[in-house]
Amino acid sequence: MERCGWAGLEEIYVNYHDTEWGVPEYDSRALWEKLILDGFQAGLSWITILKKRENFRAAFEGFDPHVIAGWGEAEVTRLLADPGIIRHRGKIEATINNARAWIELEEKGGFDAFMWRYVDGTPLQTRFATQADVPPQTPLSAQVSKDLKKAGFKFCGPTIVYAWMEACGLVNDHIVTCHRHDECAAMAR
């Protein structure tokens, strides 16, 4: 069975690739959690975040934006002392900020609707032959990044946004020989 080359051989990465990455995510809160985690990944490898994901979920109250939006310096200090997560003040403060921005978008029709409109509600289907063909960002991810920043989000540059779009299935970037390419394509609404 062939997989995308980035999945490697480590079980946690293979499981993530085979069950989650590229699966269309329509839940607004789950989309937000994944965007936050992709922001924490900036400058690091995704497997670092993946191995700490449960710690992140515990430290950030299950990524409940309504809880996080009310946080301040006391919570930032607590999180900076938590060895189970990435202790980066800017990323932690951006998460609190992004919770507030998410709530605003949620009240204006939903973060999920805001994001899925970029692809008309249907995942984009690419047909890349090799991992080297997959771009790190696209004009669409640059536009989404710009619009997110205009909505008040931080740590959401075009490369982060593109990785997030791939992870959440807004774009199906499994290479064509990967067993998950056609499986994820079939999941589109």
Side-chain angles (χ1 to χ4, degrees), residues 1-42 44-54 56-57 62-65 98 102 105-106 108-148 151 153 156-189:
M1 173 173 8
E2 191 168 337
R3 290 184 175 86
C4 299
W6 61 261
L9 300 174
E10 200 164 340
E11 186 177 356
I12 190 170
Y13 231 4
V14 170
N15 287 339
Y16 174 72
H17 172 274
D18 287 358
T19 63
E20 188 175 345
W21 193 80
V23 173
E25 179 61 71
Y26 298 101
D27 179 78
S28 189
R29 200 232 31 97
L31 285 165
W32 181 77
E33 174 184 335
K34 290 177 180 185
L35 182 61
I36 297 303
L37 289 172
D38 267 304
F40 270 98
Q41 184 263 327
L44 304 168
S45 65
W46 178 246
I47 198 159
T48 300
I49 302 302
L50 198 56
K51 287 179 177 180
K52 292 178 176 277
R53 183 162 56 169
E54 291 310 313
F56 271 103
R57 286 175 173 159
F63 284 100
D64 183 338
N98 291 352
W102 179 88
L105 283 179
E106 199 62 11
K108 294 177 182 175
F111 181 70
D112 54 339
F114 179 82
M115 298 315 305
W116 278 97
R117 72 182 167 93
Y118 288 99
V119 295
D120 294 325
T122 303
L124 301 177
Q125 301 298 318
T126 64
R127 300 207 43 87
F128 295 118
T130 69
Q131 203 64 50
D133 296 332
V134 181
Q137 61 178 281
T138 65
L140 178 58
S141 73
Q143 184 61 55
V144 173
S145 170
K146 181 180 175 183
D147 293 347
L148 282 169
F153 283 77
C156 58
T159 301
I160 289 170
V161 167
Y162 196 67
W164 172 80
M165 291 174 71
E166 292 172 308
C168 294
L170 279 86
V171 58
N172 179 4
D173 268 355
H174 285 283
I175 60 172
V176 292
T177 54
C178 175
H179 73 279
R180 292 292 288 165
H181 184 276
D182 292 344
E183 292 172 6
C184 286
M187 293 178 198
R189 285 185 179 173

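The analysis underlying the following values was restricted to heavy atoms, covering all of them including side chains, and did not include hydrogens, waters or symmetry mates.
- Atoms CZ and CG, from R180 and D18 in turn, are 6.5 Å apart once rounded to the nearest 0.5 Å.
- When the options Q41, E10, K52 are evaluated for a side chain to side chain contact (heavy atoms under 4.5 Å, CB included) with I47, the one that passes is E10.
- Atom-to-atom distance recorded for S141:OG and E166:CD is 9.0 Å, nearest 0.5 angstrom.
- By the 4.5 Å heavy-atom criterion applied to side chains, H17 and C4 are counted as neighbours.
- Between V119 and V171, the closest side-chain pair of non-hydrogen atoms is not below 4.5 Å.
- Side-chain contact between F56 and I36 is absent, with no heavy-atom pair separated by less than 4.5 Å.
- For the salt bridge (Lys or Arg N to Asp or Glu O under 4.0 Å) test, no residue two or more places apart in sequence or in another chain qualifies with E11.
- In plain terms, the two heavy atoms of P135 and F128 that are nearest each other are CD-CZ, 3.6 Å.
- A heavy-atom distance below 4.5 Å is found between the side chains of L35 and L148.
- A pairwise comparison of heavy atoms in L105 and F111 identifies CD1-CD1, 3.8 Å as the closest pair.
- The two residues P65 and W32 make their nearest non-hydrogen contact at CG-CE3, 3.7 Å.
- Nearest heavy atoms, K34 versus W164: C-CD1, 3.5 Å.
- Interatomic distance, CD of Q125 versus NE2 of H181, reported as 6.0 Å (0.5 Å rounding).
- Summarising the geometry, atom CG belonging to L31 is positioned 5.0 Å from atom CD belonging to E25; distances are rounded to the nearest 0.5 Å.
- Proximity of the aromatic rings of W6 and Y13 is defined here by a centroid distance below 6.0 angstrom, and this criterion is met.
- Separating the OH atom in Y16 from the CD1 atom in I49 is a distance of 11.0 Å, to the nearest 0.5 Å.
- In plain terms, the two heavy atoms of V176 and A129 that are nearest each other are CG2-CA, 4.1 Å.
- S145 places none of its side-chain heavy atoms less than 4.5 Å from the side chain of Y162.
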Exercise for review: Evaluate side chain to side chain contact (heavy atoms under 4.5 Å, CB included) for L140 paired with L124, printing each intermediate quantity in order.
Suggested key: CA-CA 11 Å; L140 178 58; L124 301 177; 3.7 Å; yes
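- Applying the salt bridge (Lys or Arg N to Asp or Glu O under 4.0 Å) test to every pair with at least one member in residues 110-134, sequence neighbours left out, gives no pairs at all.
- The SG atom of C168 sits 11.0 Å away from atom CH2 of W21, with the distance rounded to the nearest 0.5 Å.
- When all heavy atoms of G5 and Q131 are compared, the closest pair comes out as N-OE1, 3.6 Å.
- Distance alone, capped at 3.5 Å, places no donor-acceptor pair between the D38 side chain and the V161 backbone.
- Checked against a 6.0 Å centroid threshold, the rings of H179 and H174 do not count as neighbours.
- In this structure the side chain of F40 never reaches within 4.5 angstrom of the side chain of T48, judged on heavy atoms.
- Counting heavy atoms from C-beta on, the side chains of M165 and T138 never come closer than 4.5 Å.
- Every residue meeting the side chain to side chain contact (heavy atoms under 4.5 Å, CB included) condition with T177, not counting sequence neighbours, appears here in chain and number order: E2, I175.
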